[in-house]
Amino acid sequence: MIELDRVSFNWPDGPEVLRDLSLRVAPGEKLVVLGANGCGKSTLLKLLNGLLFATAGSYRYRGDPVTRQRFRSAPWANRFRRETVLLFQHPEAMLFNPTVADEIGYGLRQMAQAESDGLIRQWAERLGIEALLENAPYSLSGGEKKKVALAALLALEPQCLLLDEPIANLDPRSSGWLVDHLLTTQATVIVTTHNLSMAAELGERCLIMDEQGSIRFDGPVRQALADMDLLQQANLVHRHRHRHGSFSHSHPHVHDWE
Amino acid sequence: MSDRYWLLLYLIAVVLVTLVHQPCYLLLGLLAVMLLSGSLRWRLLRKALLSMLLFNTAVSLGYLAIALMRDEFRADYLLLINARVLLLVMLGFWLSAGINIAKALRFSTTLSFLATLAAGQIRLMSRLIGDYRTAFESRCVKRPDWRERRRLALAQTEALLEHANHAATEISQAMRSRGVFDD
Amino acid sequence: MHIPDGFIAPQFYLPAYLVAGGFWVWASRDLRQRLDEETIPRLAVITALAYVVGLVMLPLPGGSSGHLVGIGILAMLFGIRLAFLAYSLVLLLQALLLGAGGMTALPVNALAVGLIGASVMAFSMRWQHRRHPLPYLAAGAYLAVILPALAVALVLGLQPAIAHREDGTPLFFPFGPEVVVPAILLPHLVIGGVEALLTLAVWRYARSRGWLDV
């Protein structure tokens, strides 16, 4: 479904953010992208969503090259936008409609989806935001905004879900619901996080990016999480000293995963 | 009634209020707002009085001093101007408490998007400014001098510009991602 | 320097809406009719910026402070049209969203601060000396505060002449220009100076970030 071939990306006059990435993701596959802050995870998702374009290498979606020119064809662009959705790390950028109901229904109405009102209510209930339907999105808290953005994306029943740090800011019930949903959906899911327990719950496969924007590891999650040297090199775990009674020693720590 | 009609009604009321020059009718209008605004009434009144306090006190006292000096004092002018401003400000607060403004502007997609996005950004940027100010206070060991306060104002302005630059790009990408600009 | 609600007579604010309306059409002519992926986010963010810049406290000598007007900074970065539109939108949002400012004062505030202020700054940017731009920019930023303040004062000062009872009692703002012009202008002579200093610092910063085509 997704094929990246030796993709690099840099901002004009800026340093390289992504370096020589090659990646294939099959339909329905769940992939977790791990990496420290600033390693290019968000840039990778924006590239996969056709918002940024590779400065070298190629990106194919269902065999079609994803380029700036490709988006000039309206039918292709519409299909791509309907099938591939991105949850931004800071979801307020995504919210531009007067009410939460409008926000969730935005894509549905664009697709002229019949029964959109029923779908809006259904998705709002799933995410526990049905009481907020008439509220203005900008008046909500950070976590609520994320739920609205998620509901708006999931209501489209996309075939490829790109989620940038989806559980940051979410309460435990909602993040639990989201993980369950992602495990059961037929859609292809690519999730970025630096939360290792989320990776362990979600993925069969994980990608670890290093701080230079290259892929350091691509394989089973369990194997990656067992490799302390790898996690330490990617700045996903840290080493610090601690005490057991009178005995003090230091070793790498993973605080959010056991 | 939809938010758009409330907005229209409000605009008509505003023009009417400025066409009335009898304080007693304006006071009747105030009474009507107090009665109709239900449980909101005392909050509206308090907010309105606070927001007009500075300017209206200055104008009223100034008028008092100058009119007495020229022997032109008219008490009903003071009543008229203060009743009118209070009524207008209360109407404004009542409207903003009761309607979703972006919804009222839905007759224009562009205006409605603009209002929603701007309102969201106003909240984020106000928080940023508030954080800067409180962090500055918290870090000042002694009373800051003019130079330090100028540096704070500059740092705030630069942070706002950086935020604005970044936010414009993010919003543009997010809207594109959700298919807003595809025909 | 904003005029609050209720002090401008309808004989003045209704025609002012017509004039402002003409300029709003002119200013948005450049923005494409279609939803544009650059313009909408940019205008929304600049609008928020125009609002929030007013929250920045401007340190005045002697320990007191005033609020930054900010129109000079907006015009310097985004040009007259965007600055004027954003400023007008802020006034609209303030009136309708926050219930502050008010619809009767909106067109006057938009024209005085948004249009006159932005135009002065934009002209000073256009005419700046290639090698010694600072005095031009400083003068522009200073006048972008002083001239709108003067315009606001004159509009207020006109009110007793426009709207009064038969016996001469005013119906809206009570003071003539001889009182209101010095009362508003004098503090702004100081505020304008500090604002100009800050605008120059922001200009340096914006230039170093490549936001200005200088």
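Here the structure is a predicted model, which means the values were calculated and not measured. Note on naming: letters A, B, ... go to the chains in the order of the sequence lines (proteins, then strands), and numbering restarts at 1 for each one.
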### Query
Short question: side chain of C:Tyr51, backbone of B:Ser126 - any donor-acceptor pair under 3.5 Å?
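Answer holds: no.
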
Under 3.5 Å donor-acceptor, C:Arg165 side chain and B:His21 backbone = yes

* Asked: Would the number of heavy atoms belonging to other residues, nucleotides or ligands and lying under 6.0 Å from CZ of C:Phe78 be above 12?
  -> yes

May I ask you to check whether over 12 heavy atoms, not counting those of B:Leu54, lie within 6.0 Å of atom CG? no

* For B:Ala118 and C:Leu93, which heavy atoms make the closest approach, and how far apart are they? ->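 Shortest heavy-atom contact: CB-CD1, 3.8 Å.
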
Heavy-atom nearest pair, C:Pro170 first then B:Tyr63, reads CG-CE1, 4.5 Å

Please classify the contact between [X] and chain B as side chain, backbone, both or neither, with a heavy-atom cut-off of under 4.5 Å.
{"X": "C:Leu89", "result": "side chain"}
{"X": "C:Val179", "result": "side chain"}
{"X": "C:Ile46", "result": "neither"}
{"X": "C:Pro4", "result": "side chain"}

Positive for side-chain contact (heavy atoms from CB on, under 4.5 Å) with C:Pro10, one of B:Leu16, B:Leu19, B:Val14
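Filter result, single survivor: B:Leu19.
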
Top residue by heavy-atom pair count (under 4.5 Å) with chain C, among [options]?
{"options": "B:Ile129, B:Leu105, B:Leu124", "value": "B:Ile129"}
{"options": "B:Leu117, B:Leu152, B:Leu88", "value": "B:Leu88"}
{"options": "B:Leu111, B:Val59, B:Ile66", "value": "B:Val59"}
{"options": "B:Arg123, B:Gln156, B:Lys47", "value": "B:Gln156"}

Roughly how far, to the nearest 0.5 Å, is [atom2] of [Y] from [atom1] of [X]?
{"X": "C:Phe7", "Y": "B:Phe55", "atom1": "CZ", "atom2": "CZ", "value": "5.5 Å"}
{"X": "B:Ile171", "Y": "C:Ile40", "atom1": "CD1", "atom2": "CD1", "value": "11.0 Å"}
{"X": "C:Asp167", "Y": "B:Arg74", "atom1": "CG", "atom2": "CZ", "value": "4.5 Å"}
{"X": "C:Thr104", "Y": "B:Arg84", "atom1": "OG1", "atom2": "CZ", "value": "9.0 Å"}
{"X": "C:Leu74", "Y": "B:Leu161", "atom1": "CG", "atom2": "CG", "value": "8.5 Å"}
{"X": "C:Leu96", "Y": "B:Tyr10", "atom1": "CG", "atom2": "OH", "value": "6.5 Å"}

Chain C heavy atoms under 4.5 Å from [X]: which part of the residue, side chain, backbone, both or neither?
{"X": "B:Asn100", "value": "neither"}
{"X": "B:Leu128", "value": "neither"}
{"X": "B:Arg133", "value": "side chain"}
{"X": "B:Leu160", "value": "both"}
{"X": "B:Glu158", "value": "both"}
{"X": "B:Leu91", "value": "neither"}
{"X": "B:Met125", "value": "both"}
{"X": "B:Leu7", "value": "side chain"}
{"X": "B:Glu170", "value": "neither"}
{"X": "B:Val15", "value": "both"}

Heavy-atom side-chain proximity of [X] to [Y] below 4.5 angstrom:
{"X": "B:Glu72", "Y": "C:Thr169", "value": "no"}
{"X": "C:Pro174", "Y": "B:Ile81", "value": "no"}
{"X": "C:Tyr205", "Y": "B:Leu154", "value": "no"}

The complete set of side chain to side chain donor-acceptor pair (under 3.5 Å) pairs with one or both residues in residues 32-43 of chain B, sequence neighbours excluded, reads none

Greatest number of non-hydrogen atom pairs under 4.5 angstrom with chain B, of C:Asp5, C:Leu14, C:Thr47, falls to C:Asp5

Q. Could you go step by step and tell me if C:Tyr13 and B:Thr18 meet the side chain to side chain donor-acceptor pair (under 3.5 Å) rule?
A. CA-CA 10 Å; C:Tyr13 76 74; B:Thr18 58; 2.6 Å; yes

